[in-house]
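So the structure is just underneath, and the comments pick up after that.
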Amino acid sequence: MSKFQLYNTLTRKLEDFEPAVSGRVGMYVCGPTVYGPPHLGHTRGPILFDVLRRFMEQQGWSVRFVKNITDVGHLVGDGDEGEDKLQKQARLEQIEPMEVAQSYTDAYNAVMDKMNVRRPSIEPKASGHIIEQIEMIQTILSKGLAYESKGSVYFDVAAYAKDHHYGELSGRVIEELMAGAGEQARSLEGQEEKRNANDFALWKKASPEHIMQWSSPWGKGYPGWHIECSAMSAKYLGTQFDIHGGGMDLLFPHHEGEIAQSCAAHGVNPARFWVHHNMITINGQKMAKSLNNGILAEDLFSGNHALLAQPYSPMTLRFFVLQAHYRSTLDFSNDALQAAQKGLQRMQAAWKTAQGLKASASSSLEMADLHQACAEAMRNDLATPQVIAHLFEWARRINLVNDGRETLDQAGLDQALELFRTYYFEVLGMQLEGSGDDQGLVSAMQVLLDLRAQAKADKNYALSDSIRDRLAEAGFQIKDGKDGSSWSRS
RNA sequence: GGUCGGAUGGCCGAGUGGCUAGGCACAGGUCUGCAAAACCUCUUACACCGGUUCGAAUCCGGUUCCGACCUCCA
């Protein structure tokens with residue numbers, strides 16, 4: 001059996017993955033910055049790392065999965081209110097940043113739940129780990145790799161680069177960064193306090209209108225963008241853990257900064273494997289506010305968006321995302337989503353069919369080969385598109401058996417059901433949709449099917465067709481088979 | 001400008017040198033009172049130009065386009 005191979009951005013190669021501590025995996029993934037409702041871009045990473053976690057658990061490893069919530073930083077007068085206005089308002093009318101962060105955290109998790117993304121083992125908030133971050137900054141300061149400047153603390157990239165390789169993850173060359181950063185970076189706030197344009201903030205002095213701020217040895221302020229991940233991952237997973245994940249857009253400067261901070265403070269790269277997923281585009285273009293093509297997850301689910309022809313369910317989204325490899329860009333379009341939706345329906349129908357199959361005395365086809373193929377695909381850098389292709393082949397075989405063209409004995413049938421359960425539900429984390437149908441609905445539908453069967457027996461086709469058509473309008477599809485009729489949501 | 005990654009059949013999308021991924025759409029067929037569903041068939045597409053090789057979508061070089069990052073970003 002081949003080993004589990006995972007692409008490591010650090011080495012830009014596929015490598016055999018084994019947990020450093022036998023049987024136990026530590027994984028940290030950069031979570032959302034909760035300053036707005038989750039959009040489609042926020043869905044791919046969570047789905048990928050959920051699948052990675054599920055797969056590793058299926059290998060028998062226990063996974064501690066940490067995903068942070070970034071709730072510090074901006075949140076400065078979200079509605080553009082001036083300071084005066086803010087101060088004059090009654091306290092309860094003021095924007096309370098924690099409340100804003102909480103509501104977006106809830107919105108994020110609601111979307112995750114719908115997509116059947118399991119909650120992490122630990123979901124630490126940056127605001128709850130200010131002390132750890134301050135301690136880490138002090139450690140870096142004590143090593144002479146950071147400096148204080150006007151109430152802020154900056155990481156000294158030039159000093160760090162003397163003994164370390166700054167840029168090892170992103171492939172940036174420090175000299176070029178030093179040379180090129182000049183022009184564009186000048187306009188940024190706070191540049192004049194830095195020794196070098198590439199230095200990044202570990203701690204930022206809070207301006208008066210900055211509502212979220214904490215006391216520190218350097219005065220009131222708030223932590224820099226990269227330090228939270230370093231501090232929290234070290235706290236919950238140790239100074240070095242197995243996997244650090246995130247989007248490719250975080251490669252630089254965020255993850256490069258994390259590596260630098262951790263190497264400075266702890267002397268090691270925090271993660272053995274760095275795993276990055278690619279971006280999502282819409283009709284071939286990147287999502288951007290200026291292009292007005294950003295789609296919120298909830299918009300996709302409701303279909304309430306100019307670019308969407310119809311709603312698409314959370315499972316359609318999950319299925320769609322998994323049909324592309326995580327390191328490829330993935331393009332959203334109505335055509336592509338509709339194709340995914342159709343395929344998903346076919347897959348689910350095959351599962352229902354499989355559950356109703358009766359065993360034959362002997363098997364005319366194998367199922368073990370598919371099981372093997374799915375396992376191989378997953379071990380090959382999480383080749384979920386290939387797993388799905390194999391599951392479609394599984395569906396084809398199930399349908400052949402259902403049509404009486406092939407047979408499965410009890411063992412083969414059990415094996416078939418087990419395969420689908422393992423890979424479709426457990427590893428890919430798919431869920432049946434429409435499973436919210438209660439028993440009353442099922443019974444009522446059976447009454448209608450019985451009436452229609454009677455009408456057909458009486459050759460009253462006007463009536464039987466009317467039942468079928470009206471149910472279709474109501475969103476239920478009737479399927480006539482040899483052994484009677486069944487229904488599904490269309 | 002720098003760094004990195006792409007260009008695959010009508011659409012999406014796998015493909016880690018030889019063994020035609022898969023889905024959707026279209027078309028033909030089986031089945032059916034008619035449909036739908038299901039099943040079968042739809043028998044090779046890889047930006048361009050060179051090169052390496054017995055053999056290249058896959059490796060090397062060049063060209064043209066596209067994208068991400070370099071500034072908050074999943």
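The structure displayed is predicted, hence computed values, not measured ones. Letters go in sequence order (proteins before strands), and every chain restarts at 1. No hydrogens, no waters, no symmetry mates; every other heavy atom, side chains included, goes into these values.
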Check every atom of B/G33, B/A38, B/A36 against the side chain of A/Ser464 and return the nucleotide holding the closest atom. B/G33
Using the P atoms only, state how far B/A57 lies from B/U30, rounded to an integer number of Å. 39 Å
Ignoring hydrogens and angles, answer whether the base of B/A35 and the side-chain atoms of A/Asp480 contain a donor-acceptor pair closer than 3.5 Å. yes
Mind checking the C1' distance from B/A25 to B/G15? Whole angstroms is fine. 22 Å
Residue-phosphate contact under 4.0 Å: A/Arg468 side-chain N/O, B/U32 OP1/OP2: no
Relative to the ring of A/His244, is the ring of A/Trp274 parallel (under 30°), tilted (30 to 60°) or perpendicular (over 60°)? parallel
Would you mind reading off the distance between A/Leu330 atom CG and B/A74 atom P, rounded to a whole angstrom? 17 Å
Kindly confirm whether the side-chain ring of A/Phe392 is stacked on the base of B/G23, judged by centres under 5.5 Å and planes under 30°. no
For B/G18, what is the paired nucleotide under Watson-Crick or G-U wobble rules, both distances under 3.5 Å? B/C54
So which nucleotide from B/G15, B/A38, B/C70 ends up closest to the side chain of A/Pro253? B/C70
Between B/A14 atom C1' and A/Asp331 atom CG, what is the distance in whole Å? 16 Å
What is the ring orientation for A/Phe200 with A/Phe155, classed by angle as parallel under 30°, tilted 30 to 60°, or perpendicular over 60°? parallel
Phosphate OP1/OP2 of B/A74 contacted by A/Thr33 side-chain N/O (<4.0 Å): yes
Looking at A/Tyr7, I'd like to know if the NZ or CZ of A/Arg327 sits under 6.0 Å from its six-membered ring centre while staying within 45 degrees of the ring's axis. yes
Under 4.0 Å between any heavy atoms, over every strand shown, what does A/Ala336 touch: base, sugar-phosphate, or nothing? Just pick one. sugar-phosphate
Whole angstrom value for the distance that separates P of B/A21 from CG of A/Leu391: 18 Å
What does B/C39 pair with, Watson-Crick or G-U, if both distances are under 3.5 Å? B/G29
Check this one for me: any side-chain N or O of A/Arg396 less than 4.0 Å away from OP1 or OP2 of B/G22? no
Tell me whether the NZ or CZ atom of A/Arg172 lies within the 45° cone about the ring axis of A/Tyr166 and under 6.0 Å from its centre. no
Apply ring-ring contact (aromatic ring centres under 6.0 Å, His included) to A/Tyr312 and list each qualifying residue two or more places apart in sequence or on a separate chain. none
Below 6.0 angstrom between ring centroids: does that apply to A/Trp351 and A/Tyr424? no
In terms of the nearest nucleotide of RNA chain B, which residue is placed more toward the 5' end: A/Gly343 or A/Gly247? A/Gly343
B/A14 and B/G2: how far apart are their P atoms, nearest whole angstrom? 29 Å
As a test of understanding, state which of A/Ile47, A/Leu322, A/Val321 forms a side-chain contact (heavy atoms from CB on, under 4.5 Å) with A/Thr384. A/Leu322
Nearest to the side chain of A/Ala389, heavy atoms from C-beta on, is which of B/A21, B/C69, B/A38? B/A21
A/Ser170 vs B/C4: side-chain N/O to OP1/OP2 distance below 4.0 Å: no
What distance, rounded to whole Å, do you find between the two P atoms, one in B/C26 and one in B/A36? 11 Å
Rounded to whole Å, please give me the gap between NE2 in A/His277 and P in B/G67. 20 Å
Identify whether any heavy atom of A/Gly45 sits under 4.0 Å from a base atom; if not, whether one sits that close to sugar-phosphate; answer base, sugar-phosphate or nothing. nothing
Counting only side-chain N and O atoms of A/Arg172, is one of them less than 4.0 Å from OP1 or OP2 of B/C69? no
Taking any heavy-atom pair under 4.0 Å as a contact, classify A/Thr43: base, sugar-phosphate, or nothing. nothing
Spacing of the C1' atoms in B/C54 and B/G17 (rounded, Å): 12 Å
For atom CZ of A/Phe252 and atom C1' of B/G2, their distance in whole Å: 11 Å
Side chain A/Asp335 and base B/G23 donor-acceptor under 3.5 Å: no
Considering only atom C1', compute the distance from B/C60 to B/U53 and round it to an integer number of Å. 12 Å
Looking across every strand, which nucleic acid part, if any, lies under 4.0 Å from A/Asn399 by heavy atom: base, sugar-phosphate, or nothing? sugar-phosphate
Who is the Watson-Crick or G-U wobble partner of B/G67, with both distances under 3.5 Å? B/C4
If the C1' atom of B/G18 is compared with that of B/C59, how far apart are they to the nearest Å? 14 Å
Charged N to carboxylate O below 4.0 Å: is that the case for A/Asp369 and A/Arg397? yes
Under 4.0 Å, counting only non-hydrogen atoms across every strand here, what does A/Leu251 touch: a base, just sugar-phosphate, or nothing? nothing
Just compare B/G22, B/A37, B/A38 and give me whichever is closest to any side-chain atom of A/Gln477. B/A37
Comparing A/Ile478 and A/Ala395 on RNA chain B - which has the more 5′ nearest nucleotide: A/Ile478
Verify the contact: side-chain N or O of A/Lys342 to OP1 or OP2 of B/A25, cut-off strictly under 4.0 Å; return yes or no. yes
Rounded distance (Å) that lies between atom P of B/G33 and atom CG of A/Asp465: 12 Å
Would one find a side-chain N or O of A/Asn402 under 4.0 angstrom from OP1 or OP2 of B/A38? no
Options B/C69, B/C39, B/A21, nucleotide nearest the side-chain atoms of A/Pro385: B/A21
To the nearest Å, how far apart are A/Arg346 CZ and B/A36 C1'? 15 Å
Can you check the A/Ile280 CD1 to B/A74 P distance for me, whole Å? 12 Å
Using the P atom on both, measure B/U41 against B/U20 and round to a whole Å. 15 Å
Would you call A/Lys114-A/Glu298 a salt bridge at under 4.0 Å N-O? yes
